[in-house]
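Naming: A, B, ... by sequence-line order, numbering from 1 per chain.
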Amino acid sequence: MLELRILLNNVDGAVDRLKSRDPGFSIDPLALLDKKRRELIAEVESKKAEQNKTNREIGARKKAGDDPSDIYKKMKELSDGVKILDSELAEIQAELNRQIEVLPNIPAPDVPVAFDKSGNVKTASFGEFKRAEDWDFPFKNHLDVAMGLSPSGGLDFKRASKMTGANWSMYRGDLARLEWSLVMYFIDRATSDGRELIIPPYLVNSQSMFSSGQFPKFREQAYECRDDDLVLIPTSEVPLLNLYRDEILPDAALPMRLTSFTPCFRREAGTYGAEERGLIRVHQFHKVEVFSFTRPDESFSELEVIINYSRKVLESLKLPYRLMKLATGDLAQQSATTFDIEAWLPGQNTFSEVSSVSNCTDYQARRANIRYRPGDQKKPEFVHTLNGSALATSRTMVSILEHYQESDGGLRVPDVLKPYMQGQDRIEPLT
RNA sequence: GGAGGCGUGGCCGAGCGGUUUAAGGCGACGGUCUUGAAAACCGUUGUACCGCAAGGUACCGGGGGUUCGAAUCCCUCCGCCUCCGCCA
């Protein structure tokens, strides 16, 4: 949620920066509504003041044994006027809110300006981007590798479709164990620097989805249980943010560093393409998330902390990646700055996002009303919030399947995962 | 799922149709006193919005209604507690 005052006064060029990601944005309708709103407030509040004054008079006269019914007519007129003005004001305010709620965060000043992802900038990379033909045995893509693993194929799309629907998948056997070892490894990494681990509810109410920025604009992307007004979380960013909704954090608690493990559920309506078969884009995946609440002046240094943290995890798995700084047009609604870590997928001959690290500045904190009281200052201020994947399992698994495949169809277990596989260092091929 | 009870300021708690502009207490902060502290006493103590200001308006879990007037009456939703039922 943006602060209207910042847009109306164009603080630090806010209007132009907003236009750099949303070219259709115009301040004029907002300014007009706000002017009308102020006028109505002045009018209705002076009527209410008179109403209150007259009401006190009635009380005083009743107390004195005097019959005040002669001024009821005047009160009725005032009251009717107030009701009409109040409803007009409510309508203006609601329209203003509807327009502000869907506006995205203002990009940070150093974000590359472009209206789509072609403007993203590579800022680092790791490892060697080998192509399929560089392998010294016939390279298989992740699907073929997975389906060839013992004891019954590592993935079972056919039966997942039967019990649930298209584009759902299911891990089986040793590949399921490898998936789970990834989860445990990510959790151990994330908690090693003192982050508190949270296992939150996987369903949240729609207020929580509003606070994080998903609702109202991206409602169609979420799975909902409408009978109960509950939504399956698309990322644990949602419950982590809402942990402290409507609360004031003590200064000493910041920066507050949290992590969580949850499945993530996404409808991914209308996004499927042939290049996204298999595990690239699924309706349910596992993710270990890191999340920080910070003071406003330390959020950009915290962003670096989280980026480096996520990179190290991928590097420890020896999986090649590139680090991208997203352009204005590719930012998520709530983000002021985002860095994506994209794993190299030789089977697709492309890069695919395994982690996304964002500084949401005060955008979510305003929607969720999360503040802190700075030092000796009396007035609470909004915190900044940051989130990052560390990491998402499904696409990491794609990269593992392709990079760790062996010539006989087996799969080598990455060194760092062996302890979580009880020392097993290889998944055997189907016989 | 059934029955009942309860949601008032940072906390406790009174108020149950009009001098409530929400009593009183605790806590916190400031002061007096004291070598220092405690105690005692005095004072201060919410948020948001409109306004250049003076000042005004709103807020008693959320929303709606009744009324000239609602913390107070009615409806509805949410949350918490007690008991019963069911259940991993």
Exercise. Can you spot which of A:R38, A:E39, A:R37 makes a side chain to side chain contact (heavy atoms under 4.5 Å, CB included) with A:I41?
Key: A:R37
Exercise. Quickly work out the A:R373 CZ to B:U45 C1' distance and round it to whole Å.
Key: 12 Å
Self-check item: Whole-angstrom distance between B:C33 and B:U72, as gauged at atom P
Solution: 48 Å
Self-check item: Approximate separation, where rounding is to 0.5 Å, of A:R195 CZ and A:I187 CD1
Solution: 14.0 Å
Please tabulate, one pair per line, each protein N/O and nucleotide N/O from nucleotides 86-88 of chain B that are separated by under 3.5 Å, including the distance.
none

Quiz item: Expressed as a whole number of Å, how far does the C1' atom of B:C81 sit from that of B:G65?
Solution: 29 Å
Exercise. Starting at atom CD1 of A:I41, determine the distance to atom P of B:A48, rounded to an integer number of angstrom.
Key: 15 Å
Quiz item: Between the side chains of A:Y309 and A:R189, is a donor N or O closer than 3.5 angstrom to an acceptor N or O?
Solution: no
Quiz item: If you take all heavy atoms of A:D34 and A:L8, which pair is closest and at what distance?
Solution: OD2-CD1, 3.5 Å
Self-check item: Spacing of the P atoms in B:G9 and B:G15 (rounded, Å)
Solution: 16 Å
Quiz item: Would you say A:L230 and A:V204 make side-chain contact, with heavy atoms under 4.5 Å?
Solution: no
Quiz item: Is the CZ atom of A:R219 crowded by more than 12 outside heavy atoms at less than 6.0 Å?
Solution: yes
Self-check item: Between B:G25 and B:U8 - C1' atom distance, rounded Å
Solution: 15 Å
Polar atoms only, N or O, under 3.5 Å: list the protein pairs with nucleotides 6-12 of chain B and their distances.
none

Exercise. Could you give the distance separating B:C6 and B:G13 at their P atoms, to the nearest angstrom?
Key: 14 Å
Quiz item: Do A:F261 and A:H286 make the cut of ring centroids closer than 6.0 angstrom?
Solution: yes
Quiz prompt | Separation of the C1' atoms in B:G51 and B:U32, to the nearest angstrom | solution = 39 Å
Quiz item: Does the gap between the ring centers of A:W168 and A:F285 come in under 6.0 Å?
Solution: no
Quiz prompt | Within 6.0 Å of NZ in A:K36, more than 12 heavy atoms from elsewhere | solution = no
Quiz prompt | Under 4.0 Å protein heavy-atom contact, by nucleotide of nucleotides 57-74 of chain B - B base, S sugar-phosphate only | solution = BS---------BS-----
Exercise. Calculate, to the nearest 0.5 Å, the distance between atoms CG and NE2 belonging to A:L254 and A:H384 respectively.
Key: 11.5 Å
Exercise. Whole angstrom is fine here: how far is it from CG in A:N369 over to C1' in B:U47?
Key: 10 Å
Quiz item: Do NZ/NE/NH1/NH2 and the carboxylate oxygens of A:R257 and A:E302 come within less than 4.0 Å?
Solution: yes
Quiz item: Stepwise, does the side-chain hydrogen bond (donor to acceptor under 3.5 Å, both in side chains) test hold for A:K287 with A:T235?
Solution: CA-CA 8 Å; A:K287 184 153 63 73; A:T235 158; 2.8 Å; yes
Practice problem: Calculate, to the nearest 0.5 Å, the distance between atoms CZ and CE belonging to A:R426 and A:M421 respectively. | Solution: 12.0 Å
Self-check item: Length of the line joining A:N97:CG and B:C49:P, which is rounded to integer Å
Solution: 13 Å
Quiz item: Between A:N120 and A:A327, is there a donor-acceptor pair closer than 3.5 Å when you use the side chain of the first and the backbone of the second?
Solution: yes
Quiz item: Looking only at atom C1', what distance separates B:C16 and B:C73, rounded to whole Å?
Solution: 9 Å
Residues 209-218 of chain A side chain polar contacts: donor-acceptor under 3.5 Å, at least two apart:
from   : atom 1 : to     : atom 2 : distance (Å)
A:S211 : OG     : A:Q207 : O      : 3.1
A:S211 : OG     : A:N242 : OD1    : 3.4
A:S212 : OG     : A:S208 : O      : 3.3
A:S212 : OG     : A:M209 : O      : 3.2
A:S212 : OG     : A:Q214 : OE1    : 2.4

Self-check item: For RNA chain B, the dot-bracket pattern of Watson-Crick and G-U pairs whose distances stay under 3.5 Å, | for other-strand partners
Solution: ((((((((.[[[..)..(.....]]]((((((.......))))))(((((....))))).[[[[[..)....]]]]])))))))....
Quiz prompt | Distance, C1' atom - from B:G27 to B:C11, rounded to whole angstrom | solution = 7 Å
Practice problem: Compute whether any side-chain donor of one residue and acceptor of the other, for A:R177 and A:Q422, lie under 3.5 angstrom apart. | Solution: yes
Quiz prompt | A:Q334 versus A:Y363, side-chain donor and acceptor atoms under 3.5 Å | solution = no
Exercise. Measure from CG on A:N205 to P on B:C77 and round the result to the nearest Å.
Key: 17 Å
Taking only N/O atoms, report every protein-nucleotides 51-53 of chain B pair under 3.5 Å with atom names and distance.
from  : atom 1 : to    : atom 2 : distance (Å)
B:G51 : OP1    : A:R38 : NH1    : 3.2
B:G51 : OP2    : A:R38 : NH1    : 3.0

